[in-house]
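Please read the structure below before turning to the comments.
Order of the sequence lines fixes the chain letters, A, B, ..., with proteins taken first and strands second; residue numbering starts at 1 for each chain. The analysis underlying the following values was restricted to heavy atoms, covering all of them including side chains, and did not include hydrogens, waters or symmetry mates.
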Number of protein chains: 2
Amino acid sequence: MLGLMQDWPLLCHKILDHAAIQHGGREIVSRSVEGPIVRVTYAEARKRALKVAQLLERGGYREGDRIATLAWNTANHLEAWYGINGIGAIYHTLNPRLFPEQIAWIMNHAEDRALFVDLTFLPLAEKIVPQVASVRQVIVFTDAAHMPQTSLSNAIAYEEWLKDGDGDFTWKALDENAACGMCYTSGTTGDPKGVLYSHRSNVLHAMIASTPNAMGISARDVVMPVVPMFHANAWGLAQSGPMVGAKLVMPGGRMDGEAIWELLDTEKVTFTAAVPTVWLMLLQHLEQTGKTLPHLKRVVIGGSACPRAMTQKFQDIYDVEVVHAWGMTEMSPLGSLCTMKPEYAGLTGDGRLDIEQKQGFAPFGVEMKVTDDDNVDLPWDGKTFGRLKVRGPSVARAYYGGAGADQFDEEGWFDTGDVAHIDRHGYMQITDRAKDVIKSGGEWISTIDLENLAVGHPDVAEAAVIGVAHPKWDERPLLVIVKKPGKEPTKDDLLGFLAGKVAKWWMPDDVVFVDEIPHTATGKIQKTTLRDRFRDYRLPTQ
Amino acid sequence: MLGLMQDWPLLCHKILDHAAIQHGGREIVSRSVEGPIVRVTYAEARKRALKVAQLLERGGYREGDRIATLAWNTANHLEAWYGINGIGAIYHTLNPRLFPEQIAWIMNHAEDRALFVDLTFLPLAEKIVPQVASVRQVIVFTDAAHMPQTSLSNAIAYEEWLKDGDGDFTWKALDENAACGMCYTSGTTGDPKGVLYSHRSNVLHAMIASTPNAMGISARDVVMPVVPMFHANAWGLAQSGPMVGAKLVMPGGRMDGEAIWELLDTEKVTFTAAVPTVWLMLLQHLEQTGKTLPHLKRVVIGGSACPRAMTQKFQDIYDVEVVHAWGMTEMSPLGSLCTMKPEYAGLTGDGRLDIEQKQGFAPFGVEMKVTDDDNVDLPWDGKTFGRLKVRGPSVARAYYGGAGADQFDEEGWFDTGDVAHIDRHGYMQITDRAKDVIKSGGEWISTIDLENLAVGHPDVAEAAVIGVAHPKWDERPLLVIVKKPGKEPTKDDLLGFLAGKVAKWWMPDDVVFVDEIPHTATGKIQKTTLRDRFRDYRLPTQ
């Protein structure tokens, strides 16, 4: 027997409708790419999104078409998303930090039919678009006055384009499982893989994100998504912000400490989110200038592990609550957030910081487990680590085109590729990537734990740990060290430093010194390159 | 093109799974019907719910079966719901305040196959069950030691029954649109009408309810639903509480001021919800004893309009935030909550109380409009009132069996039967019931506004306003007054008191004095009876 409740599909553009109706006068404030701060209300943004939808439809775009965006966080970018969704098309965010040939590969794979692009990235687009035959039109987020000469024949200024629309358009009626957004993940190996969000997954994700166990935002918040919209929906804030009617502050292309602080201060931002690198720049700016953060209440930090000292500074010096978080593009992206359960809520000082080093717990709508290589569940004891697997309505079930099928099992669990442990209260901590963890005699050794310890040595600039083949143990850890200038630590110094801090069988079998450790485009250690380099390394026999 | 996100149906029993996994040690504290305070954790409650499911299935109950409950708010009642849902059956809450013949009528209409009942209501069940042929089994929430003699042949004590289960059961895989709960509304006229909740509508409602624009509850809250589970899912707290992992405090059968205060205090309740009558008893208890509310942060007040003085006392004397709310059984039930948008957040004193008299704004997932009788939208100006209509994923699209079809239109809007205005910031205020509003020369007059003014006269004990036929204006207001003992106000006194406080054309045409005003079982003025009594009343001609 079915219930007798309304069939009210969960559609992204209903979020903007709600914002316009219930929070119509509230602002989206953007640092424009042209420079000035610009303001638009939710009611105005909805009208502009309706024009986008109307003009896309008139231009021949249809349900299911992929429309690429290569842009910073601005109101223009946001309203374009909702307009694209409003005809049933799919916004496809491109990461401008990738190499042009990677972006072209991705656009060809997705068969993008149009591109919305910021002025900043027009030179990049000029390199890419000629390689992507499916693109029929390039719409540049600017007005006629700022529109530069361009080699792209089908380019038009956004504001000029919008002039042809009157917004007299009705959003398309869609299946809530229709695709609405696309974002490719670029691993360190293999081709990028496309995640295809649905209206349903985005709306549910935004609801979950808004609850106080997660981000806990409301109409009273002023929310600044510093994390880019091209990083998995700005961690969902592109949907959850309008859903709760929060004033949005969009930082555009400037993410330096001064620019971020200026917006935090003048717009009285209460809630923000970004990767540690951004906050490092902000904290440095604060230290240099003596500025403070009187309005900011909470900052969500994710993307990579938040350093303990960063959490401490935000909380102790600036009275800003840090919420450590973890997620993946494949998860829309939120997986866990380190808000406090009552078991930990009373902690202060180091006790609290110990917990805040964890990436937190999964809210309702995210199932999580850790297993060994044979898919056997591991205990939640805060130390036994294994493959982290997730399941939920905002988690991918496949990649676009069918790549990476081995990451999804028949029970619906997605293998995140991360290695983690979970404590008895459900707090998860990432300890490694599955491809980096060292398997020694059937037991796992976390390279990240060893690296974090080794960089604590005063003479070490950077440390990496990789597994090297071993005749008896399969793999054993090799510690790779970049010395600080003018310092000459020895192998014995380093092993002596680690001794007693880790289990004996975790101790690296050897230490090598190098001039430089290779990094990926996003600043992570490129362990594949390191492993290649030391593939034939012979560990000393004892 | 469909998205590639997981098919993870929104099912009620997943809420309890989540609570058991992520908040397994947190407690549900109940004042048992037998007397003592009893405690069970979410992990234990889930195990007991699994036993309920296992035993129901073994007992021959199947997906779609209606299983009635006649019980207070306790952990037993809650785990029974989840167990019922776990086999795809439908919990059907009965309101013990109805007359026995009404309850029997409802049970027969629903064709309930079993009944879970509290000791308190066993005598009531003994009257009803023999009239309901579909009921095969009566399970009494108690243990063998407390099980009384009963005339019901198929009765068994819950704890005895549970002993036959081991909880080795897997929740049924269900369509998220499957029915999961049932609740009849009893209007003042006509037969009761059944609302049939789905798993999806309940889960979405709980998500929406948890967000800070609505109830804003988290794992750090201690939540006491005083509002009964037989009143539309305890306003959703039966789902949202476990969903966020809040400690739950269930007041059982005692809702007097002393009992409520005791639980608020000893269990350190931070969040609670009930109708004004309950809070009147609590406030009286506090005044008599000098007790305070040091732990309580927020109280949601709905069911009927929250008196201004009540809001003021909670906020000014006890430092508890009042969230005025409105909803209906047909809405799962939340429709709007008076949390503060930034436009109003800075208000204090009378300015804030003015806003808090409104029932608040609709969160995402509830669409709301006011229309005239011809379904034309009325402006959101805070004064033009009309029929309040709603739409959303947790709003009914029909009643069980098809009754009341005229309340649903082809665009999906449900006519609430309430009359309201909405202000420019989206804050709605109920001004009347549609069937009570007086239509004078095509314009509407709110009887509630007139009543609220009239009871402000020092000599008036109670006031009611009804429409009486008028040859020229169709209807004109008649003011019906119960005098305070020993007081003798005159018609001129009362009309003089109203003069200047309402528009001239709102002024009652006449005043009559009566010994008593009739009330419904739930304490509302029975206007149908009053209208019958004064059907032939001749208004004075001027």
Side-chain angles (χ1 to χ4, degrees), chain A residues 1-8 10 14-15 18 21-23 25-26 63-64 90 175 177-180 195-201 204 207-208 210-213 216-220 243-245 247 332 339-343 345 361-362 364 391-400 412 426, chain B residues 1-8 10 14-15 18 21-23 25-26 63-64 90 175 177-180 195-201 204 207-208 210-213 216-220 243-245 247 332 339-343 345 361-362 364 391-400 412 426:
Chain A
M1 184 181 293
L2 295 184
L4 290 171
M5 306 306 282
Q6 295 189 7
D7 178 21
W8 194 90
L10 306 175
K14 286 187 181 172
I15 294 174
H18 176 79
I21 291 168
Q22 281 291 347
H23 309 278
R26 210 142 309 122
E63 192 177 334
I90 301 162
D175 183 331
N177 290 304
C180 78
V195 177
L196 199 58
Y197 304 117
S198 67
H199 284 265
R200 173 184 164 102
S201 69
L204 289 175
M207 285 184 177
I208 294 165
S210 309
T211 61
N213 281 347
I217 54 173
S218 80
R220 296 176 295 285
M243 178 179 276
V244 306
K247 171 179 162 181
S332 303
T339 57
M340 291 295 138
K341 294 185 186 180
E343 291 82 357
F361 66 97
F364 176 81
R391 200 160 67 167
S394 304
V395 179
R397 65 177 160 82
Y399 291 109
Y400 185 63
Chain B
M1 184 183 291
L2 296 184
L4 290 171
M5 307 306 283
Q6 295 188 7
D7 178 22
W8 194 90
L10 306 175
K14 285 188 182 173
I15 294 174
H18 175 78
I21 291 167
Q22 281 291 347
H23 309 278
R26 209 135 319 119
E63 192 177 334
I90 301 162
D175 182 330
N177 290 304
C180 77
V195 177
L196 199 60
Y197 304 118
S198 69
H199 285 264
R200 172 184 166 103
S201 69
L204 289 175
M207 284 184 177
I208 293 165
S210 309
T211 61
N213 281 347
I217 53 173
S218 80
R220 296 176 295 285
M243 177 179 278
V244 305
K247 172 178 162 182
S332 302
T339 58
M340 291 295 138
K341 294 186 186 179
E343 291 82 355
F361 67 97
F364 176 81
R391 201 159 66 169
S394 304
V395 179
R397 64 176 160 83
Y399 292 108
Y400 185 65

Determine yes or no for a side-chain-to-main-chain donor-acceptor pair under 3.5 angstrom, with B:Asp175 supplying the side chain and A:Leu2 the backbone.
no
Is it true that a side-chain atom of A:Arg200 and a backbone atom of B:Asp7 form a donor plus acceptor pair closer than 3.5 Å?
no
Using a 4.5 angstrom heavy-atom cutoff, name the option from A:Glu63, A:His23, A:Arg26, A:Met243 with the most pairs to chain B.
A:Arg26
Could you pull out the closest heavy-atom pair between A:Asn213 and B:Ser218, with the gap in Å?
OD1-CB, 3.3 Å
Scanning both residues in full, the closest heavy-atom pair of B:Met5 with A:Ser332 reads CE-OG, 3.4 Å
Side-chain donor/acceptor of A:Gln6 to backbone N/O of B:Ala396, under 3.5 Å
yes
Flag the pair B:Lys14 / A:Phe364 as yes when at least one side-chain heavy-atom distance between them is below 4.5 Å, and no otherwise.
yes
d(B:Met1 CE, A:Asn177 CG) to nearest 0.5 Å is 14.5 Å
Winner by heavy-atom pair count (cut-off under 4.5 Å) against chain A, out of B:Gly25, B:Gly426, B:Gly392:
B:Gly392
Which atoms form the tightest heavy-atom contact between A:Ser210 and B:Pro212, and what is the distance?
O-CD, 3.2 Å
Give, as side chain, backbone, both or neither, the part of B:Arg391 having an atom under 4.5 angstrom from any heavy atom of chain A.
both
Okay, A:Ile90 and chain B: the region with an atom under 4.5 Å from a heavy atom over there is side chain
Looking at every non-hydrogen atom in both residues, tell me the closest pair between A:Ser198 and B:Gly3 and how far apart they are.
CB-CA, 4.1 Å
Can you say whether A:Tyr400 sits under 4.5 Å from chain B via the side chain, the backbone, both, or neither, judging by heavy atoms?
both
Chain A shares the most heavy-atom pairs under 4.5 Å, among B:Gly412, B:Pro342, B:Gly64, with B:Pro342
Does B:Arg220 reach the main-chain N or O of A:Met340 with its side chain, forming a donor-acceptor pair under 3.5 Å?
yes
Are B:Thr211 and A:Met207 packed together at the side-chain level, in the sense that at least one heavy-atom pair is separated by less than 4.5 angstrom?
no
Side chain, backbone, both or neither of B:Lys247 within contact of chain A (heavy atoms, under 4.5 Å)
neither
